[in-house]
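The chain is numbered in sequence order, starting from 1. From a predicted model like this one, the values you see are computed outputs, not experimental measurements.
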Amino acid sequence: MASAAIFSSLRRRRSPSVEAFLAPVDLPNTALLETLRAVSGELISSFSADNKMLPFFQRKNSRSLIRKIQVLSVLLDSFREMGLSKMASTVLLCFKELYLLLYRSKILLDYIKYSSKLWLLLQNQSISGHFHDLSQEISTLLDVFPIEVNLSKDVNEQVELLREQSRKSKLMIDKHDDSLRLKLYYYLNEFEDGRIPDPNELRSFLVEKLAICDAKSCRIEIEFLEEQIVSHDGDIEPTAPILNGFVALMRYSRFLLFRFENDEGEFEWKHKKNKKGLITREIADTFVTIPKDFCCPISLDLMRDPVTVSTGQTYDRESISRWMEEGHLTCPKTGQMLDHTHLVPNRALRNLITQWCMALGIPHDTPESSVSSVESFVAGSPSKAAIEASKATASLLVQQLANGTQSAKTVAAREIRLLAKTGRENRACIAEAGAIPHLKTLLMSADAFAQENSVTALLNLSIYDKNKCQIMNVEGCLGSIARVLRVGHTIEARENAAATLFSLSSVHEYKKRIAEEDGTVEALSTLLKEGTRRGKKDAVMALFNLSTHSENCARMIESGAITALVGALGNEDVSEEAAVALALIVRQPIGAEAVGNEEMAVLGLIGMMRCGTPRGKENAVAALLELCRSGGAAAMERVFKAPALASLLQSLLFTGTKRARRKAASLARVFQRCEKASLHFGGLGVGYAYAGNSAADRDTSFAGDVSVPLSISVPVL
């Protein structure tokens with residue numbers, strides 16, 4: 001039950017902000033006294049009892065703290081009148097401690113003022129503990145504070161009274177606030193027990209008790225709770241699953257109570273960034289570059305607990321577990337089906353990562369110091385209340401998609417997009433509610449925002465493998481997605497359509513259907529040549545998936561995909577993906593001939609052998625080898641006339657991956673035979689020389705040796 005997550009500790013576990021401990025204290029004596037007076041005056045004026053800006057919750061604790069600060073302000077005024085020359089050194093030391101205490105008080109009051117109402121209710125007991133701690137610290141400070149005989153009798157009496165009150169103060173939890181907190185858990189428990197809360201009661205609670213009166217207020221509450229889940233990184237009470245339940249409750253309440261009225265934050269939702277992730281990435285880039293082999297291909301972060309899946313690829317346990325839980329049955333890196341879901345710890349790599357972290361002084365938790373993967377995975381799973389609330393929300397959203405106004409449909413599509421961003425359960429319940437046919441209709445909307453949100457919603461839904469079948473089975477849905485790719489209103493819509501096709505094409509049975517859809521391959525090729533960085537990435541990965549189906553080769557040649565992939569070899573952002581797609585295409589004679597006819601193909605692949613990553617070099621040499629086999633004499637001659645080929649092959653034979661060395665050895669043997677044949681027959685042609693190669697030199701294992709260079713997980717937008 002959700003109520004089991006009620007706090008067990010009333011003491012604070014962490015300060016609301018580290019700023020409270022970073023306040024400067026190295027001020028001259030005169031400046032210190034004036035700063036103390038300024039800070040105390042600001043707090044009194046901003047949070048006095050008659051001020052309308054007093055926090056919505058924690059009012060009693062806030063008033064009590066402000067009254068204490070008012071007495072301290074009187075004390076500071078008295079010292080100012082006395083002059084600094086008459087102060088004892090112990091007084092100045094106490095002033096420095098008082099500076100920290102006032103600064104912490106300001107941080108706490110600001111924290112309450114700018115936090116969401118639901119968060120304050122959920123943290124009611126913990127925040128009350130913060131106030132009690134400050135009261136105890138005031139008592140301790142006054143116990144050691146030297147009371148000057150020069151102070152007036154009235155001031156001395158006020159300070160003495162404050163000392164006694166602070167010493168005797170007890171933890172004060174506002175009963176009214178706590179009753180609201182318990183009522184909030186009651187509504188969550190209703191969903192957990194499979195019941196939908198009474199709409200009138202819910203409206204009364206949110207509107208009258210919490211003053212959450214419109215869609216914008218709901219949005220603010222949702223955003224704040226989601227930020228807390230991300231910023232606390234799992235170390236939070238209530239736990240993340242419980243908080244996700246409250247997020248789902250508020251999302252449901254928003255559409256139930258305030259229908260689909262728009263709010264000013266529409267475009268803020270669209271462009272919202274994860275500030276924590278950006279800051280973390282900037283810090284990491286500034287101080288140290290993590291070796292690529294130490295990074296998880298899914299999260300791109302340093303692996304804590306590397307594990308190997310059945311395909312031989314290594315991932316961080318948390319990332320690959322989440323991938324599997326979302327319903328994926330393929331290896332994210334290679335696209336191959338997983339024979340089983342057993343994860344084998346990669347202890348050798350883990351030891352290397354640990355040693356590297358120790359050498360650089362980087363904190364690194366070992367798996368033994370954390371909960372087991374199963375326990376951590378269950379802890380991160382959504383609660384039943386969150387699932388039930390999401391189902392109820394999905395039902396409301398689909399009703400609006402079906403019967404709402406154009407504006408309401410746009411808002412509903414946006415909300416489905418956001419709801420489908422995370423969690424297999426959310427994606428499943430949205431599809432079960434019947435959203436996909438209505439999203440397909442909205443793809444044809446003249447409203448650019450509606451179109452972009454509907455195609456992105458389909459992208460997010462398609463990440464769940466069972467939804468792929470539903471999308472493909474809706475009549476006209478694939479064609480509508482392809483149309484958005486060709487003539488979408490915005491570049492974002494076209495890019496997300498390409499990403500959707502990439503996601504759908506991960507199922508082998510759909511690859512041919514997608515390639516045969518009118519204009520799809522042409523549009524992907526155009527996006528690869530002219531799109532943004534992300535658009536090119538989406539396009540090349542979709543083309544790669546399509547190239548893995550043998551019957552798509554001719555279609556890709558006709559549509560200009562070969563030319564686009566060859567051109568992409570010169571773009572470092574997509575060159576590796578383009579190389580692996582070409583390595584697959586040249587396996588077929590018509591593909592090898594088409595690639596061989598591209599003048600820049602050989603130079604591009606040679607460039608990849610020279611400057612690419614190990615996997616890029618591996619795919620480049622594999623493509624060149626197959627080009628020599630099936631591309632004809634002209635293609636072979638172009639390969640062997642390429643500058644520095646011999647030295648590049650020699651380098652790969654010593655430094656390449658196991659597969660790259662095998663491919664390089666085969667290509668080197670062909671190269672040597674061609675040189676001998678040219679001398680013996682007076683240059684009659686390299687094709688004649690290669691025609692006599694033995695079967696042993698043909699390295700027929702090529703089909704299983706194509707290496708996908710990067711993670712091909714579908715982005716959630």
**Asked** Do S40 and L72 come within less than 4.5 Å of each other through their side chains, counting heavy atoms only?
**Response** no
**Asked** So, do L75 and L162 sit near enough that their side-chain heavy atoms are less than 4.5 Å apart?
**Response** no
**Item:** Rounded distance [0.5 Å steps], OG in S62 versus CZ in R59
**Value:** 9.0 Å
**Message:** Is it the case that the side chains of N453 and R417 hold a donor-acceptor pair, with the cut-off being a distance below 3.5 Å and no angle test?
**Reply:** yes
**Asked** With the threshold set at 4.0 Å, does a side-chain nitrogen-carboxylate oxygen contact exist between R195 and D193?
**Response** yes
**Asked** Do side-chain atoms of S78 reach the backbone of V74 as a donor and acceptor pair under 3.5 angstrom?
**Response** yes
**Prompt:** Is any side-chain heavy atom of P238 less than 4.5 Å from a side-chain heavy atom of Q123?
**Reply:** yes
**Message:** Ignoring hydrogens and geometry beyond distance, is a side-chain donor-acceptor pair present between N156 and E160 at under 3.5 Å?
**Reply:** no
**Request:** Report the C-alpha distance between L36 and L98 in whole Å, list the side-chain angles of each, state the deciding distance to 0.1 Å, and finish with yes or no for side-chain contact (heavy atoms from CB on, under 4.5 Å).
**Result:** CA-CA 8 Å; L36 286 171; L98 179 59; 4.1 Å; yes
**Prompt:** Are the side chain of T140 and the backbone N or O of Q136 linked by a donor-acceptor pair below 3.5 Å?
**Reply:** yes
**Message:** Run the side-chain contact (heavy atoms from CB on, under 4.5 Å) test on F57 and I127 for me, step by step, so that the C-alpha distance in whole Å, both residues' side-chain angles and the decisive distance to 0.1 Å come before the verdict.
**Reply:** CA-CA 10 Å; F57 296 116; I127 293 174; over 6 Å; no
**Message:** Contact between Y315 and P306 at the side-chain level, heavy atoms closer than 4.5 Å - yes or no?
**Reply:** no
**Check: R533 side chain, D573 main-chain N or O, donor-acceptor pair, under 3.5 Å** = no
**Message:** What I want to check is whether the side chains of Q58 and N61 have a donor and an acceptor closer together than 3.5 Å.
**Reply:** yes
**Message:** Checking K96 against L100 for the side-chain contact (heavy atoms from CB on, under 4.5 Å) test, could you report, in this order, the C-alpha distance in whole Å, the side-chain angles of both residues, the deciding distance, and whether it holds?
**Reply:** CA-CA 7 Å; K96 291 185 178 182; L100 290 172; over 6 Å; no
**Request:** For residues K68 and S166, report the shortest heavy-atom separation together with the two atoms involved.
**Result:** CE-OG, 3.7 Å
**Asked** Just by distance, do the side chain of D305 and the backbone of R317 share a donor-acceptor pair under 3.5 Å?
**Response** no
**Request:** Quick one: pull up CD1 in I173 and CZ in R181 and give me the separation to the nearest 0.5 Å.
**Result:** 7.5 Å
**Message:** Quick check against the 3.5 Å criterion: does S64 have a side-chain atom that pairs as donor or acceptor with the backbone of K60?
**Reply:** no
**Item:** Any L418 side-chain heavy atom under 4.5 Å of K421 side chain
**Value:** yes
**Request:** Answer whether the closest heavy-atom distance between the side chains of R414 and T456 falls below 4.5 Å.
**Result:** no
**Salt bridge flag under 4.0 Å for residues E226 and R251** = yes
**Asked** With distance as the sole test, does S73 use its side chain to make a donor-acceptor pair with the main-chain N or O of I69 at under 3.5 Å?
**Response** no
**Item:** Straight-line distance of Q228 CD to L122 CG, nearest 0.5 Å
**Value:** 10.5 Å
**Prompt:** CG of D174 to CD of Q125: how many Å apart, nearest 0.5 Å?
**Reply:** 12.0 Å
**Message:** Can you give me the closest heavy-atom contact between D198 and E201, atom names plus distance?
**Reply:** OD2-N, 2.9 Å
**Prompt:** Tell me, do I242 and Y185 make a side-chain contact under 4.5 Å, heavy atoms counted?
**Reply:** yes
**Request:** Considering non-hydrogen atoms only, spot the tightest contact between L171 and S128 and give its length.
**Result:** CD1-O, 3.4 Å
**Message:** If you take the centroid of each ring, where Trp contributes its six-membered ring, are Y187 and F246 closer together than 6.0 Å?
**Reply:** no
**Fill in**
Shortest non-hydrogen pair, C295 vs M303, comes out as O-CE, 3.8 Å
**Item:** Basic-acidic side-chain contact under 4.0 Å: R104, E137
**Value:** yes
**Asked** So does D77 pair up with R37, basic N to acidic O under 4.0 Å?
**Response** yes
**Prompt:** So, are E318 and R322 salt-bridged, with charged N and O less than 4.0 Å apart?
**Reply:** yes
**Message:** Just so I know, are the side chains of L349 and I353 near enough to count as touching, which here means a heavy-atom distance under 4.5 Å?
**Reply:** yes
**Prompt:** Under a 4.0 Å N-O cut-off, is there an ion pair linking E415 with R254?
**Reply:** yes
**Request:** Could you grab the distance from atom CZ of R347 to atom CG of L352, nearest 0.5 Å is fine?
**Result:** 14.5 Å
**Message:** Please report the interatomic distance CD1(I220) to CE(M250), rounded to the nearest 0.5 Å.
**Reply:** 10.5 Å
**Message:** Using side-chain contact (heavy atoms from CB on, under 4.5 Å), reason through N426 and N460 one step at a time and then give a plain yes or no.
**Reply:** CA-CA 10 Å; N426 287 348; N460 292 344; over 6 Å; no
**Parallel, tilted or perpendicular: ring planes of F191 versus Y252, cut at 30 and 60 degrees** = perpendicular
**Prompt:** Do you know which two heavy atoms are closest between L202 and L256, and how far apart they sit?
**Reply:** CD2-CD2, 4.3 Å
**Prompt:** What's the shortest heavy-atom distance between L180 and F205, and which atoms?
**Reply:** O-CZ, 3.6 Å
**Request:** Using ring pair (Phe, Tyr, Trp, His ring centres under 6.0 Å) as the criterion, list what pairs up with Y186, not counting sequence neighbours.
**Result:** none
**Item:** salt_bridge(R167, D143) N-O dist < 4.0 Å
**Value:** yes
**Asked** Does the side chain of S383 come under 3.5 Å of the side chain of E192 through a donor N or O and an acceptor N or O?
**Response** no
**Item:** Ionic contact status for D110 with K106, cut-off 4.0 Å
**Value:** yes
